[in-house]
Amino acid sequence: MKPLILLFWIFAVPVHTFVFQPSVNVTVMQNVSAEVDLWAEQRLDRLMEATNTEEEKSEGVEQTRGQTDSDVKNKKVVEKEEQRGQNLDEHDVSDEHPPPTVNQNTTPPTMATASHPVLNLHTKSVTVPSSFPSTSQGPTVTTETLPIITTKLRIANSTAEAIGAVLLVNESSTNDDLRVEPYVMNSSKLHPLEEVSVDVTAMAARAAPTAKSPLSTFMFELKNKAAGAKPEDNTTLKAKNKKILKVKTKKTKITKKAKKVKKLKRERKLKPTTPLYFPYFEDHYCPSECSCYGRVVQCSNKDLGKIPYGIPYNSHYILLMNNHIDSIQLKLLSEYDSMEFLVLSNNHLTDQTITGAFEGIKSLKKLYMERNLLRSIPTDLPITLEELRLDGNQVSVMSDAAFRRCPNLLILSLSNNSLGNKSSTIPPGVLLPSGKLRTLTLSYNQLASVPLQLPLSLRELYLRGNSIQRLQGDMFWGEAELQVLDLSSNRLTYKGLGKAALLNASRLESLNLEGNLLKQVPLHLPRSIKTLNLEGNFISSIGKDAFISMPQLEHLGLARNKIAKVALGAFRVLPLLHQLDMSHNALQQVPRQLPLWLHSATFSHNKIRIIPRDAFCWGRGNESPLSCLVRAHLEYNMIDLGHLDTLAFRCLRGFQVVQFY
């Protein structure tokens, strides 16, 4: 049955071309030889076989066409193109002439011939009626718009033989593809024309509502042996498809990332924008007004009006000096269990604004509140407190209630306050509850006398810049551990330092009596003294037994007095004396028989004219042991270097020891 259909198709094509398609400007060749008919029949047999194979493959393609994945579609397209290339190669091998290309759903090709050496064939919007016979298995279409075909047929042979061009057009019911094969037909046989260029543009629109896929466009150019142009092979198609796949995979990756970003944004939107709690007081938090270095919080010089909120609870050192803090939040400091050092110096704190602020602090050891507006000592100090500094306030009252709360207090500094004024004094024994107190500073107050009944544990007592006139014997009730006593810049006199003044200070090592009203060296001083400062007094002379009761004296200061006379061997009784300062006095000669173990002696700014022979070097006869003197200052005196006695320096290590200029 198929051969009959094919024979009918061969003879019906010319009639179809001229009757049903009058708009095509094609002249059918009248004289077709018997050889052409025989060749056409053989050619059609091959086409039918290829058609059957293509139909079987098209059925498999249609089954997989419903898949939505883009990667699967690309792979099928590649396989389809490869198979078409293979079919073309097989036809080339089987026949010396190029086979016609067959689409999936083929219709009988339309043959057009031309009788001119060069033929330009233009077909424009050919309308095919529904009654035209077709072998397509696709859906029936009432009308179809055929593609626009532009062909240029060039006949190389210019002989007088009847030459024609046969144009085989393969029409597809799906209008997806359109393939054109030009042939040149002479009187003897039909063969493809070599110099033919065909540009095909498939632009068919389907009228049916169930259109399967958009129309695809194929551009074919036949070989021109002279030009050497080659059609695209399978490798180029594979490369293009690979590029497409790569682009699509990249797009899928980008879309996946975009989806992830959107998902994260949605999750963030669902979560609250602000945390449930702000990390105030946490270990890693630091207020914006401060600088944190480990467990040290530095908030000084920030013009703060109050303690910054949120300082970590694990802070050890909190520094808030040089601000404008006038109050402390109630129960704020009690939460700092690790705080050991708190500095609130140079602020505007008052007694009312700090009431109860230090109660409950567990680990505080040092509290600095200098230069504030306090009038009394806080009574809610923590029991762990070891050092309290309230210098530069207006404290005028001291009560034992404040010190009962801090029995472990070691250092108490209350200088530059108003203690001891006419309206108030320091009660006796007020500091006795602080049984471990070691350092007490009451300098620059208005004290007229030393506080009585001080703790025996006291080792350093600083009373500089007061109005003390005398020391009373009941300063300590018992043997005190006092080692340093500073009574400088007071109004002490010789009578004010009686026998009982320092009777219980048997361990005293340093005594500073600078800037008092002493006219002679006190006699009843502890034998344990190692450093004695008598500078800035009114001492005019030094007797032979002035220092006989201080055998351990090492440093002696007698500068800025009015000393004009020194008894012979007055310093010889000091076997451990290393440093002697007698500058800014009225000496006319260097004191005689200075200790040989003396290291430094200063006699500058005096009226010295003579250096006695036994001043630095003395002994039996002219022999004297070597002196330990390292430096002797004699600047700003009246010494005549031309009349110096060289024997006065015989025991020195060198003449360079003495400084005259």
Side-chain angles (χ1 to χ4, degrees), residues 277-287 289-290 292 294-300 302 304-321 323-391 393-395 397-414 430-439:
Y277 66 94
F278 198 77
Y280 290 124
F281 310 105
E282 294 293 333
D283 296 351
H284 60 277
Y285 178 74
C286 185
E289 304 92 344
C290 306
C292 301
R295 295 192 177 185
V296 178
V297 181
Q298 174 63 268
C299 305
S300 304
K302 303 295 183 180
L304 300 176
K306 61 179 181 179
I307 297 177
Y309 189 75
I311 296 175
Y313 284 140
N314 69 335
S315 301
H316 282 185
Y317 304 98
I318 301 177
L319 310 179
L320 296 164
M321 71 278 282
N323 286 292
H324 304 288
I325 300 173
D326 56 1
S327 63
I328 299 175
Q329 297 90 320
L330 190 64
K331 296 184 180 180
L332 174 63
L333 301 177
S334 61
E335 299 293 336
Y336 292 89
D337 297 337
S338 302
M339 183 175 61
E340 297 180 358
F341 189 16
L342 176 61
V343 181
L344 291 166
S345 304
N346 197 17
N347 282 283
H348 303 292
L349 298 173
T350 61
D351 296 341
Q352 293 77 16
T353 57
I354 64 170
T355 302
F358 306 105
E359 190 171 359
I361 301 177
K362 298 179 180 179
S363 303
L364 187 62
K365 294 182 179 180
K366 296 181 180 181
L367 177 59
Y368 290 4
M369 290 193 295
E370 304 103 314
R371 296 181 299 281
N372 278 279
L373 303 175
L374 301 177
R375 293 179 178 272
S376 61
I377 299 174
T379 57
D380 57 351
L381 298 174
I383 193 173
T384 57
L385 192 63
E386 296 179 356
E387 182 176 356
L388 176 62
R389 293 187 179 273
L390 299 173
D391 305 322
N393 282 276
Q394 301 174 8
V395 178
V397 179
M398 292 179 64
S399 62
D400 56 356
F403 301 104
R404 286 176 184 173
R405 296 290 303 270
C406 45
N408 297 315
L409 190 64
L410 300 177
I411 300 173
L412 176 61
S413 182
L414 293 168
V430 69
L431 295 172
L432 287 177
S434 300
K436 297 181 180 180
L437 188 64
R438 295 189 176 183
T439 303

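Predicted model only: the values in this text are computed from it and were never measured.
Taken from CD1 in Ile383 to CD in Glu359, the straight-line distance is 12.5 Å, to the nearest 0.5 Å. One finds the SG atom of Cys299 at 6.5 Å from the CG atom of Leu304 (value rounded to the nearest 0.5 Å). Here the straight-line distance linking atom CG of Asn393 with atom CE of Met369 works out to 7.5 Å at 0.5 Å rounding. With values rounded to the nearest 0.5 angstrom, Asn346 atom CG is found 9.5 Å from Met321 atom CE. Ile411 contributes atom CD1, which lies 12.5 Å from atom NZ of Lys365 (distance to the nearest 0.5 angstrom). Of the inter-residue distances, the one linking Ile307 atom CD1 with Glu289 atom CD reads 12.0 Å to the nearest 0.5 angstrom.
Contact of the Lys366 side chain with the Met339 side chain is not registered, since no non-hydrogen atoms from C-beta on lie closer than 4.5 Å. By the 4.5 Å heavy-atom criterion applied to side chains, Ile377 and Met398 are counted as neighbours. By the 4.5 Å heavy-atom criterion applied to side chains, Phe403 and Leu412 are counted as neighbours. In this structure, Leu320 and Pro308 have side chains that are in contact, with non-hydrogen atoms separated by less than 4.5 Å. Annotation: side chain of Leu349 is in contact with side chain of Ile328 (closest heavy-atom distance under 4.5 Å).
In terms of heavy atoms, Asp391 sits closest to Ser413 at OD1-OG, 2.5 Å. Between Leu437 and Leu431, the shortest heavy-atom distance links the atoms CD2-CD1, 4.3 Å. Here the closest heavy-atom approach between residue Pro287 and residue Ile311 is recorded as CG-CG1, 3.8 Å. The minimum heavy-atom distance between Leu364 and Leu367, with the atom names listed, is CD2-CB, 4.3 Å. The minimum heavy-atom distance between Tyr309 and Tyr285, with the atom names listed, is O-CE2, 4.2 Å. Nearest approach of Pro378 to Ile354, heavy atoms of both residues: CG-CD1, 3.9 Å.
Pairs of residues two or more places apart, or lying in two chains, never qualify as side chain to side chain donor-acceptor pair (under 3.5 Å) while including a residue from residues 326-343.
Partners of Lys436 under the side chain to side chain donor-acceptor pair (under 3.5 Å) rule, at least two apart in sequence or in another chain, are Asn408. Not a single side chain to side chain donor-acceptor pair (under 3.5 Å) links Asn323 to another residue, sequence neighbours left out. For Cys406, there are no disulfide bond (SG atoms under 2.5 Å apart) partners two or more places apart in sequence or in a different chain. The salt bridge (charged side-chain N to carboxylate O under 4.0 Å, His left out) search around Arg389 returns Glu387, not counting sequence neighbours. Residues that satisfy the side chain to side chain donor-acceptor pair (under 3.5 Å) test with Ser345, not counting sequence neighbours, are Glu370.
Panel note: side chain Asn314, backbone Arg295; no donor-acceptor pair is recorded below 3.5 Å. For Asn372 (side chain) and Leu344 (main-chain N/O), a donor-acceptor pair under 3.5 Å exists by modelled atom type.
Enclosure of atom CZ in Arg438 is not indicated, since only 12 or fewer non-hydrogen atoms of other residues, nucleotides or ligands lie within 6.0 angstrom.
Taking the six-membered ring where tryptophan is involved, the planes of His348 and His324 are essentially parallel, since the angle between them stays under 30° and well short of 60°.
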Practice task
Show the numbers, then the answer: is there a side chain to side chain contact (heavy atoms under 4.5 Å, CB included) between Leu409 and Leu388?
Solution key: CA-CA 8 Å; Leu409 190 64; Leu388 176 62; 4.1 Å; yes
Problem - Verdict with reasoning, Phe358 to Leu385, per side chain to side chain contact (heavy atoms under 4.5 Å, CB included) - result: CA-CA 10 Å; Phe358 306 105; Leu385 192 63; over 6 Å; no
